[in-house]
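What follows is a set of notes on a single structure, which appears directly below.
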Amino acid sequence: MAIQRGGFSTRIGFILAAAGSAVGLGNIWKFPFEVGEGGGAAFVVMYLAFCFILCFPVMVAEISIGRKTKRNAVGAFTALGHKKWSIIGYLGLTSGVLILSFYNVVAAWAFGYFIEMVTGHFDIGQRFGEFTSDYLTVGLYSLLFMGTTAFVVSRGVSKGIERAARILMPTLFVLIVGLIIYALTLPNAMAGLKFYLVPEFSEITGNVVYSALGQAFFSLSLGMGALITYGSYLSRDSNIVKSAAQITLMDVGVAVLAGFMIFPFVFSQGIEPNGGPGLIFVTLPGVFESLGSWAGVIIGSFFFLLLSFAALTSTISLLEVPTAYVVDEHGIKRSKATWLVAIVIFLVGIPSLLSNGASEALGQFITLPGAGTLDFMSFVGLIANDTFLPLGGFMIAVFVAYVWRKENFDAELAEGADNLKGSWLQSYVNFAVSYVCPVLLGLIFIVTVLDNFLGIRIMTMLLG
Ligand code: PHE
């Protein structure tokens, strides 16, 4: 099938788009509340270790598969001559659809908060529950959000995705740094920093391990072929290992910064850090209010607007994965494929939309032996983020090391990378893809399934 594929016009364009995919609600909304629920700094340590030791090599592997084959997450494996392994791509499509289905709802909250801030409704923080259960309003915002995402994706890679990422990413960064400086001047900020930075290793439980791993994969957009797809638009003279290192550092950097911003705010307001998905939505409006009405409206609306944009560069990549599949493998035109996929995912997201208070019945009906009772959104998160993504990462590592084989992987990495050969980074990536990732990801996957889905609590027995 000879279909004209778009491409990123520059390497920096690729980096920004991939970093745009990585940096999103995962860093600013999810990371802080996961840290809060996972006991603070102990979670941060696990998360950082997973990002660098396990995720970075998987990222290199994904980008290489994409660039080598110039195909989508499913077609890439077939193009390498291993059709059976395209099961990895199908798993990735499933994860992507599930993730976008709830992600879009949270993005709608962020956008809704932007509107609330513009109109000076700082009390929205206290009305978080009421706001999220107003499902007609949130539903409308999420329709708008999905529509915007589909609009950008339908315009193709370099025009839509790259252009948006170029402007928005740096702006967000500056705003966060400004808010950190303000946060550190507040009373009790130090207690927040202590919670965030001084690990209590007794806090590491089985749940902390899976959620830190799931968070690492989720935040880096790994394990579902998003970076296979983006890699497929990358030119042959770009250095893959270096790009992956930059993307990882940027993503981890923004998450770590988000923590520096949030925990001083949380502690200065005397809020419990383990409040779950509402954490930033409950905390931040009060902070903006404390800046005074003018500054509060301006900075508050700017913040939630940029958060919405950060979410947008991620929803774009989430939608791009199934869209590229439909375009490449079924020969459907990009614009039609995009809208088709977007509608399906919006519909899949309706239970997540309703799961936040609007419907008790829908919200609380799933009980798992290990994980307890979950609302629908957390249930989808447990399946897609914490289980499927690491499983995808495991299979990608095994595929690259033992099926595609190291010689071919090395040859792909060498293109566009002059002094990579023999470097420690190259050696580590090879070693990790062959041994560290398969062994650790495989083990954690088995234990996750036993623990959460079958109630056999091995990790809990080991760690307490
Ligand atoms: N990494 C994105 C975030 O942190 C979410 C995402 C996951 C995007 C998987 C693409 C693929 O918000």
Side-chain angles (χ1 to χ4, degrees), residues 16-35 47 50-51 55-56 58-59 62-63 66 72-73 88-89 91-110 145-146 149 152-153 161 164-165 168-169 172 176 211-231 244 247-248 250-259 277 280 306-325 341 345 349 377 380-381 383-393 396:
L16 285 176
S21 164
V23 176
L25 296 169
N27 309 60
I28 295 161
W29 160 71
K30 198 162 181 293
F31 177 72
F33 89 72
E34 294 278 357
V35 172
Y47 162 80
F50 287 146
C51 282
C55 292
F56 167 67
V58 173
M59 183 182 291
E62 275 202 33
I63 300 175
N72 63 90
I88 301 178
L91 178 73
L93 292 185
T94 314
S95 313
V97 168
L98 290 175
I99 292 175
L100 183 52
S101 77
F102 77 80
Y103 198 95
N104 187 53
V105 174
V106 182
W109 298 349
F145 212 90
M146 188 65 92
T149 307
V152 178
V153 172
I161 301 177
L168 301 172
M169 299 293 303
L172 180 69
I176 291 180
S211 37
L213 183 67
Q215 174 62 22
F217 271 89
F218 179 79
S219 181
L220 290 164
S221 306
L222 283 180
M224 51 159 278
L227 287 165
I228 295 182
T229 311
Y230 273 24
I247 296 162
T248 306
M250 256 190 258
D251 184 62
V252 170
V254 174
V256 169
L257 285 178
I280 69 159
L306 283 176
L307 184 62
S308 307
F309 277 128
L312 184 65
T313 50
S314 301
T315 53
I316 288 170
S317 70
L318 283 160
L319 186 59
E320 176 63 25
V321 173
T323 301
Y325 161 73
V341 175
I345 298 179
M377 201 183 259
V380 176
I383 303 230
N385 314 349
D386 297 352
T387 313
F388 285 1
L389 295 185
L391 174 63
I396 288 165

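Atoms within a ligand are numbered from 1 in the order they appear, just like the ligands themselves.
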- [ ] Would you indicate whether the side-chain heavy atoms of Leu213 and Asp386 approach each other to under 4.5 Å?
- [x]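 Asp386 vs Leu213: side chains apart.
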
Open item on the list: I want to check something: taking the side chain as every heavy atom from C-beta on, are Glu62 and Thr229 in contact at a cut-off of under 4.5 Å?
Closed with: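 Contact flag for Glu62/Thr229 side chains = no.
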
Open item on the list: I'd like to check the side-chain hydrogen bond (donor to acceptor under 3.5 Å, both in side chains) partners of Thr323; sequence neighbours left out, ordered by chain and number.
Closed with: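 Partners of Thr323 under the side-chain hydrogen bond (donor to acceptor under 3.5 Å, both in side chains) test: none.
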
Task: Under the side-chain hydrogen bond (donor to acceptor under 3.5 Å, both in side chains) test, residues paired with Ser95 that sit two or more places apart - done: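 None.
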
Open item on the list: Pairing donors with acceptors under 3.5 angstrom, does anything connect the side chains of Ser21 and Ser314?
Closed with: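 Ser21 vs Ser314: no donor-acceptor pair found between side chains.
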
- [ ] Show the protein residues that qualify under the rule heavy atom under 4.0 Å from an atom of ligand 1, listing them in chain and number order.
- [x]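 For ligand 1, the residues that come within the 4.0 Å heavy-atom cutoff are Ser21, Ala22, Gly24, Leu25, Gly26, Asn27, Tyr103, Phe218, Ser219, Ser221, Met224, Ser314, Ser317, Leu318.
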
- [ ] Applying ring pair (Phe, Tyr, Trp, His ring centres under 6.0 Å), name anything that partners Phe31, two or more places apart in sequence or on another chain.
- [x]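 Ring pair (Phe, Tyr, Trp, His ring centres under 6.0 Å) check on Phe31 returns Tyr47.
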
